[in-house]
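Fair warning: this is a prediction, and the values are worked out from it, not measured in the lab. We're numbering straight along the sequence, starting at 1.
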Amino acid sequence: MYDPTVARLTYRGLLGRRRALILGALPVLLIIISAAVRGFSGADDQVASDVLGGFALATMVPIIGVIAGTGAIGPEIDDGSVVYLLAKPLKRPTIIFTKLIVAVAVTMAFSAVPTFIAGMILNGNGQQIAVAYTVAALVASIAYAALFLLLGTVTRHAVVFGLVYALVWEALFGSLVSGARTLSVQQWALAVGHKVTGGDLVTSDVGLPTATVLLAAVTVLATWYAGQRLRSLTLAGEE
């Protein structure tokens, strides 16, 4: 289910100079903001939670997920180079699963690691806040990567739709309409983070059992359907 050659090519495409600069911009900004906040307000658990929840998990993680998930396959479909990959004797689910692993790894590296560093800067992991948001970022990275990888296989405007979901649905509607939060990867990840802290600083509108089921379901179904879309793309090309 994992092909090293496909993985190497995907890493090379995702971590090219221009895309790597884009991926690294938000983590650097998060760390700078965290250092500035710590310098002005000192170690404050509530402030740390606000920064990590409001910027790291709500903005940085989904945007990086969009870049990594759609970038793992979208450009190859757009420029037609995916035909050469599909011509290889590889099962289509293997291609998708390999690209998912790469997208997850890149999203985790550029989101969860900076989240932990920022949390340590903000309050030294007081009340396990840094660890809680890091775990939430890790969990969210998997679901986001799968969801946006699927978008990369179904539309040429995957980045636009991904940003609409991340910044409009989750950030805007999620803050205004309580029912929308149930269908939010961010809220599912926060439910896992809440379990880590056991306190009130990290909260979610979704219970842990529901969040766990939805995270697993979205990841599995998105990966499966992406494989089906790639299969149909092959058939269309052969015809």
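- Under the 3.5 Å distance criterion, the side-chain polar atoms of Trp169 are left unmatched by any main-chain donor or acceptor of Leu163.
- Residues Gly69 and Ala103 share a closest heavy-atom pair of CA-CB, 4.2 Å.
- Closest approach of Thr219 to Ala143, counting heavy atoms only: OG1-CA, 3.7 Å.
- Annotation: side chain of Leu208 is not in contact with side chain of His194 (no heavy-atom distance under 4.5 Å).
- Note: Leu122 CG to Asp45 CG = 10.0 Å, rounded to the nearest 0.5 Å.
- Residue Leu138 comes nearest to Ala112 through the heavy atom pair CD2-CB, 3.4 Å, listed as atom of the first residue, atom of the second, then distance.
- Among Val196, Asn123, Thr134, the one residue that satisfies the side chain to side chain contact (heavy atoms under 4.5 Å, CB included) test with Ile129 is Asn123.
- Here the side chain of Arg229 pairs no donor or acceptor atom with the backbone of Leu150 at under 3.5 angstrom.
- Inspection of the Tyr133 and Ser49 side chains reveals an N or O donor paired with an N or O acceptor under 3.5 Å.
- At most 12 heavy atoms of other shown residues, nucleotides or ligands fall within 6.0 angstrom of atom CZ in Phe116.
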I would like to know whether Ile63 and Leu26 meet side chain to side chain contact (heavy atoms under 4.5 Å, CB included); could you show each step before the answer? CA-CA 9 Å; Ile63 289 179; Leu26 284 175; 3.7 Å; yes
Just do the side chain to side chain contact (heavy atoms under 4.5 Å, CB included) check on Arg19 and Leu23 with the steps written out, would you? CA-CA 6 Å; Arg19 188 166 278 122; Leu23 285 169; 4.2 Å; yes
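- Val154 is listed as a side-chain neighbour of Tyr225, based on a closest heavy-atom distance under 4.5 Å.
- Connection of Val47 to Leu29 is established within a shared hydrophobic cluster, with ILVMFWY side chains joined at heavy-atom distances below 4.5 Å, either directly or through further cluster members.
- The CD1 atom of Ile96 sits 10.0 Å away from the CE atom of Met1 when rounded to the nearest 0.5 Å.
- At a threshold of 4.5 Å between side-chain heavy atoms, the hydrophobic network of Ile, Leu, Val, Met, Phe, Trp and Tyr places Tyr144 and Val113 in two separate groups.
- Under the 4.5 Å side-chain heavy-atom criterion for ILVMFWY residues, a single connected hydrophobic cluster contains both Ile64 and Tyr11.
- When all heavy atoms of Gly71 and Leu14 are compared, the closest pair comes out as C-CD2, 3.5 Å.
- In this structure, CD in Gln187 is found 11.5 Å from CG in Leu215, a value given to the nearest 0.5 Å.
- With hydrogens and angles disregarded, a donor-acceptor distance shorter than 3.5 Å links the side chain of Arg92 to the backbone of Leu90.
- Between Pro114 and Ile31, the shortest heavy-atom distance links the atoms O-CG1, 4.4 Å.
- Annotation: Phe55, atom CZ; neighbour count of heavy atoms from other residues, nucleotides and ligands within 6.0 Å is above 12.
- Separating the OG1 atom in Thr153 from the NZ atom in Lys99 is a distance of 11.5 Å, to the nearest 0.5 Å.
- Val28 and Ile67 fall into different hydrophobic clusters, where Ile, Leu, Val, Met, Phe, Trp and Tyr residues are linked whenever their side-chain heavy atoms come under 4.5 Å apart, directly or through other members.
- In terms of modelled atom types and a separation under 3.5 Å, the side chain of Thr210 and the main chain of Val206 share no donor-acceptor contact.
- Using the six-membered ring where Trp is involved, His157 and Phe161 have ring planes that are perpendicular, over 60° apart on the 30 and 60° scheme.
- Between Gly193 and Ala132 the shortest heavy-atom distance is O-CB, 3.4 Å.
- For Ser141 and Ser111, the side-chain atoms include at least one donor-acceptor pair closer than 3.5 Å.
- Atom CZ of residue Phe110 and atom CG of residue Leu30 lie 14.0 Å apart, to the nearest 0.5 angstrom.
- In the hydrophobic clustering of ILVMFWY residues, with side-chain heavy atoms under 4.5 Å counting as a link, Ile101 and Ile73 come out apart.
- No option in Thr10, Ile95, Thr98 other than Thr98 meets the side chain to side chain contact (heavy atoms under 4.5 Å, CB included) test with Asp3.
- Distance alone, capped at 3.5 Å, is enough to place a donor-acceptor pair between the Arg38 side chain and the Ile121 backbone.
- In this structure the side chain of Phe148 never reaches within 4.5 angstrom of the side chain of Thr107, judged on heavy atoms.
- The distance from the CG atom of Leu147 to the CD1 atom of Ile142 is 13.5 Å, given to the nearest 0.5 Å.
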For Val202 and Leu190, run side chain to side chain contact (heavy atoms under 4.5 Å, CB included): C-alpha distance rounded to whole Å, both residues' side-chain angles, the deciding distance at 0.1 Å, then the answer. CA-CA 7 Å; Val202 182; Leu190 282 171; 4.0 Å; yes
Take Thr115 and Met60 through the side chain to side chain contact (heavy atoms under 4.5 Å, CB included) test and state the conclusion after the steps. CA-CA 9 Å; Thr115 297; Met60 182 184 72; 3.5 Å; yes
